[in-house]
Number of protein chains: 2
Amino acid sequence: MSNKEKVPENTAVRLSLCLRYLREMKDDENISSEQLAQLTGIPSARIRKDLSYFGQFGTPGKGYTVGKLKEQISKALGLDRQWNIALVGVGKLGRALLNYLTFKKSSFHIRAGFDVEREKIGKKISGVKIYDPYQMPKIIREKKIHMGIVTVPQEAAQEAVDLLVISGVKAILNFSPVRVVVPRYVKLRNVDLASQIEVIPFYLAKDNFPDR
Amino acid sequence: MSNKEKVPENTAVRLSLCLRYLREMKDDENISSEQLAQLTGIPSARIRKDLSYFGQFGTPGKGYTVGKLKEQISKALGLDRQWNIALVGVGKLGRALLNYLTFKKSSFHIRAGFDVEREKIGKKISGVKIYDPYQMPKIIREKKIHMGIVTVPQEAAQEAVDLLVISGVKAILNFSPVRVVVPRYVKLRNVDLASQIEVIPFYLAKDNFPDR
DNA sequence: GAGTGTGAATGTATTCACAGCA
DNA sequence: TGCTGTGAATACATTCACACTC
């Protein structure tokens, strides 16, 4: 049975981190929430609670079986299937992500890139073919793409997002440093790298520092 | 006078976002917290409260003067001075950040890059000279570098961080997808891009989606 | 009248601490 | 005995709503 409380905002991020460490272990090993806490830096009680929203996977006195835990977390996060991705904006950051995601085998598969630069269009970069943005609706339909990653300059961000939305994508990860708007039925997540840097001096001065 | 409550965790991130929009406006314009809310997507009351931790910058019935507000936020975030940065790991992601930070004039100046790859050492990339990591303590001292950005592969992350720490750096932004440990007097911030992607299917399935 | 600044009310997340199971 | 799973306690963050100022 699974805990009926509301799942907190970053349970998923924490479990994703746990999963990364579990992947480096053997399936038949055992691990306690306390050991996982050591590895990840997340308090053990938090880990147990995060897991409890999805079921009871542990054995009192013993801990968790790595293989089973991996499987359960993957399922909880929706990583037990294949997700097709479009990358919009194939600049330096885009290529870094491309590179990252095409290397390791995972639930994610970048199926197409889009860029306005003529020289890139038609080429393959890290094995991914680059298209002209006007082809987006067609390509996204054909390739059954579920989510978009936006790494275009900020001036182009809203336009890129709009194109993804009319193409039928249901989730967008936006790396451009502006707020963009989407219809309510589209899931949008913003990652603002500029702020991450800009914010450091504040925490340096103050003694408010998070995220150890 | 300034509100004596404790400053919440992501006040700084929110103010950094506000600042980005303010920078595109004329200094003598006026803006209300409600207008700023429209631009940023942050509720107006939250903006007013965030500002209130640092002083009273507005005029009732009128709003804020853009120029003054920019100045005050910059000061609150510690952006009213120059920060020297070392980039450790000059791969694709590193170069994306390099490119980003060297382009726009800002409070941040990347003064040196470090990488183990022989071909890169001695070269300049986006105007920044690349050094062998063993030179780190010397270079960081000479160039008065305050903070380090780590974009090395995960196996090398702890080593890179340790080198930065013994070189005397007081703040580190870690982009590698593992937890690294630092002494308590060093400020560490982790940005985990892999999790950002991995977590999307969860929010897609559930109807828990943040960060509009 | 319009919009700030802020206590008080509400909502969310984390941590504690322990009963209960293997 | 050792560790899970989870209510209850605490800490933290956001939002409301309004007295007050220009």
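Just so you know, these numbers come straight off a predicted model, no measurement behind them. Letters go in sequence order (proteins before strands), and every chain restarts at 1. Only this structure's heavy atoms are used, side chains among them; waters, hydrogens and symmetry mates stay out.
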field: Side-chain-base donor-acceptor pair under 3.5 Å for A:K6 and C:dT12
entry: no
task: Name the closest nucleotide to the B:S32 side chain, picking from D:dG7, C:dA8, C:dG3.
output: C:dG3
message: Hydrogens and angles aside, do B:S195 and A:R20 bring a side-chain donor and acceptor to less than 3.5 Å of each other?
response: yes
query: Closer than 4.0 Å, any side-chain N/O of A:R48 to the OP1 or OP2 of D:dG5?
result: no
- request: Working to the nearest 0.5 Å, report the span between CG of A:L39 and OH of A:Y21.
  value: 6.5 Å
OP1 or OP2 of D:dT6 under 4.0 Å from side-chain N/O of A:Q56: yes
task: Hey, can you tell me if A:W83 and A:H146 have their rings parallel, tilted or perpendicular (30° and 60° cut-offs)?
output: perpendicular
statement: Per atom distances to the A:P60 side chain, the nearest of D:dT4, D:dT21, D:dT14 is D:dT4
- prompt: So what does B:S33 touch, heavy atoms closer than 4.0 Å: a base, only the sugar-phosphate, or nothing?
  reply: sugar-phosphate
field: Among C:dG7, C:dC16, D:dA17, the nucleotide that comes nearest once only the side chain of A:A45 is considered
entry: C:dC16
- prompt: Closest to the B:N10 side chain: D:dT15, D:dT14, D:dC3?
  reply: D:dT14
Distance below 4.0 Å between B:R46 side-chain N/O and D:dC16 OP1 or OP2: no
- prompt: Would you call the rings of B:F54 and A:F202 parallel, tilted or perpendicular if under 30° counts as parallel and over 60° as perpendicular?
  reply: perpendicular
- line: Walking DNA chain D from its 5' end, the first of A:T59 and A:E5 to be reached, judged by nearest nucleotide, is A:T59
